[in-house]
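Throughout, protein chains are lettered first and strands after them, A, B, ... in sequence-line order, and every chain is numbered starting at 1. Side chains are part of it too, since the values below use all heavy atoms of this structure and drop only hydrogens, waters and symmetry mates.
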2 protein chains.
Amino acid sequence: MAHSRLNELIEKATKLFAEKGFAASSMRDLAHEMGIEAASLYSHIHSKEEMLEIICFKKADQFLAALDEVNDIYFNAEEKLRMAIKLHVSIICKNPNASKVFIDEWRHLEEPHKLKFIEKRNLYELGILEILKTGEQENLFKEVDLKFATLTILSTVNWINQWYNPQGKMKPEEIANELSNFILTGLKK
Amino acid sequence: MAHSRLNELIEKATKLFAEKGFAASSMRDLAHEMGIEAASLYSHIHSKEEMLEIICFKKADQFLAALDEVNDIYFNAEEKLRMAIKLHVSIICKNPNASKVFIDEWRHLEEPHKLKFIEKRNLYELGILEILKTGEQENLFKEVDLKFATLTILSTVNWINQWYNPQGKMKPEEIANELSNFILTGLKK
DNA sequence: ATATTTGCCTAACAACCGTTAGCCCATGGC
DNA sequence: GCCATGGGCTAACGGTTGTTAGGCAAATAT
């Protein structure tokens, strides 16, 4: 069970950062959650910021891996977009706390990690944009401002985090489906 | 010019809270921005949290007023939704910093203000939902999960804040138009 | 001319912050 | 049986936090 205590720590830190925000979470809060003294945390990590790093980059890598998965198989643009949305929603719903930190708290990263993080984020954004571009070329999608559409889609799929409840009636798969339909065909009859 | 110094303070606080987050912004930071000592801030406000209150509730009231404006005139549901989106985008773009605080930092409000704030927020959400319901009844909109659609729309219009640039090429009016089209008719050709 | 208010100051408060140093003890491999 | 390692402890550090008390000078109102 190497690192099992570290895993527990990161998990608790994730929950705390998600609920109170990184800046408002103290090492003593976190230590209390772990049932130990604040100083003892440093047997597992080097600094508070390192935990934020671990959480943010793990999540970033998950999203990028999902992008690779989508691009590995050949689909048309609509199918690709649907799959990208499905994977995105699934990653978010699998760990809403970590997702909240990924979405809201990364700005408290220190340089140079912050820059590295933004680069990864941009890479993901670019992957989605590429799918939309393909869709335009295949004459499946309307001609739209691609950057604008990308951001709109990402806003929609990221917002889930604000209200998603694992005990709620909607399963991630359903959410992804509804969302895909909404994004593709809109609200009008 | 009664309160002009207070206005300046709230403005500076808004900027600071938006950029660094409420918890990571110190009274000494803020005092430095004002060119005075930290203790002097208390000639204008009672506490750090009070400033957050002022910012959040002012914004909340703006959104609720916009809702009234929409409901004052008779339109069909599509026109209502377009107008609601236009006003929403306009409020956000008029003061992106205050909007950021309204969207992201309200959770640092202390009770009972936090609860009051959530109530106002729910009221607004309900207003949008009501418009969608009308649209369904008028047979203009698809039958969808109304709550789900409401949250999706709000996510989209709130996200603008993350990338809107007053110096950018898109004016608020245009953004609102594009967004309305996207929400109403989706991406597919 | 006098009284009041506004807006700032210095000094200080108790509490809390992230982090380090140094020590101890239980566990498990050799 | 010995030693390394992991995982905790106490004590303490220098700094920062929001906030209060009390005073002072200039502007304003009477």
Side-chain angles (χ1 to χ4, degrees), chain A residues 1-57 101 104-114 117, chain B residues 1-57 101 104-114 117:
Chain A
M1 297 291 131
H3 293 157
S4 89
R5 196 79 171 118
L6 174 61
N7 287 339
E8 194 183 337
L9 174 58
I10 295 297
E11 208 176 292
K12 293 253 164 67
T14 304
K15 183 156 180 272
L16 199 63
F17 294 169
E19 281 168 3
K20 305 184 49 169
F22 178 76
S25 304
S26 79
M27 294 300 270
R28 283 165 181 85
D29 282 346
L30 182 53
H32 184 78
E33 294 283 327
M34 291 287 287
I36 60 178
E37 293 301 314
S40 307
L41 296 171
Y42 291 84
S43 302
H44 304 284
I45 39 95
H46 297 94
S47 70
K48 187 186 175 189
E49 202 249 3
E50 196 195 18
M51 292 186 288
L52 184 61
E53 254 171 79
I54 293 173
I55 299 167
C56 288
F57 280 91
V101 176
D104 285 340
E105 304 298 327
W106 63 268
R107 65 167 157 170
H108 294 107
L109 287 169
E110 291 164 18
E111 300 297 3
H113 309 109
K114 193 174 179 173
F117 179 86
Chain B
M1 299 303 126
H3 293 157
S4 90
R5 197 79 171 117
L6 173 61
N7 286 339
E8 194 183 338
L9 174 59
I10 294 297
E11 209 176 290
K12 292 254 165 65
T14 304
K15 183 157 179 269
L16 199 62
F17 294 169
E19 280 168 5
K20 306 184 51 169
F22 177 77
S25 304
S26 79
M27 294 300 270
R28 281 165 182 86
D29 283 345
L30 182 53
H32 183 79
E33 295 283 328
M34 291 288 287
I36 59 177
E37 294 300 314
S40 307
L41 297 171
Y42 292 84
S43 302
H44 304 285
I45 40 95
H46 297 95
S47 70
K48 188 185 177 190
E49 201 249 2
E50 196 196 17
M51 290 185 288
L52 184 61
E53 254 172 78
I54 292 173
I55 300 166
C56 288
F57 280 92
V101 176
D104 286 340
E105 305 297 329
W106 61 269
R107 63 168 157 170
H108 295 107
L109 289 169
E110 291 163 18
E111 301 296 2
H113 309 106
K114 194 174 180 173
F117 179 86

| message | Using side chain to side chain contact (heavy atoms under 4.5 Å, CB included), reason through A:Met51 and A:Leu16 one step at a time and then give a plain yes or no. | response | CA-CA 11 Å; A:Met51 292 186 288; A:Leu16 199 63; over 6 Å; no
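- The interatomic distance linking A:Glu50 (CD) with C:dG18 (P) rounds to 15 Å, in whole Å.
- Checking D:dT10, C:dG18, D:dA21 against every side-chain atom of B:Ala39, the shortest atom distance belongs to D:dA21.
- As judged by a 4.0 angstrom heavy-atom cut-off over every strand, B:Ser43 is placed among the base-contacting residues.
- Distance B:Ile36 CD1 to C:dT6 P: 16 Å, rounded to the nearest Å.
- Computed from coordinates, the A:His108 NE2 to C:dC17 P distance equals 15 Å when rounded to whole Å.
- Between B:His44 and C:dC8 there is a side-chain N or O to OP1 or OP2 distance below 4.0 Å.
- Look at NZ on B:Lys48: it is 8 Å from C1' on D:dT17, rounded to the nearest Å.
- Side-chain atoms of B:Arg28 come within donor-acceptor range of the base of D:dG18, with a qualifying N/O pair under 3.5 Å.
- The side chain of B:Glu37 approaches C:dC9 more closely than any other nucleotide in the set C:dC9, C:dG7, D:dG18.
- Put simply, OH on A:Tyr42 is 9 Å from C1' on C:dC17, counting in whole angstrom units.
- Nearest to the side chain of B:Met27, among D:dT19, C:dG7, C:dT19, sits D:dT19.
- Nearest nucleotide to the side chain of B:Ser47, out of C:dG7, C:dT10, D:dT19: D:dT19.
- Atom CG in B:Leu41 sits roughly 13 Å away from atom C1' in C:dC9 (whole-Å rounding).
- Other residues, nucleotides and ligands contribute only 12 or fewer heavy atoms inside 6.0 Å of the NZ atom of A:Lys15.
- Side-chain atoms of A:Ser40 and base atoms of D:dG7 include no donor and acceptor less than 3.5 Å apart.
- Judged by distance alone, with hydrogens and angles left aside, the side-chain atoms of B:Glu105 form a donor-acceptor pair with the main-chain N or O of B:Phe22 at under 3.5 Å.
- Rounded to an integer number of Å, the gap from A:Asp29 CG to C:dC17 P is 6 Å.
- Counting non-hydrogen atoms of other residues, nucleotides and ligands closer than 6.0 Å to CD of B:Glu11 gives a total of 12 or fewer.
- As rounded to whole Å, 7 Å separates atom P of D:dT19 from atom CD1 of B:Ile45.
- Judged purely by atom type and a 3.5 angstrom limit, B:Lys114 uses its side chain to pair as donor or acceptor with the backbone of B:Arg107.
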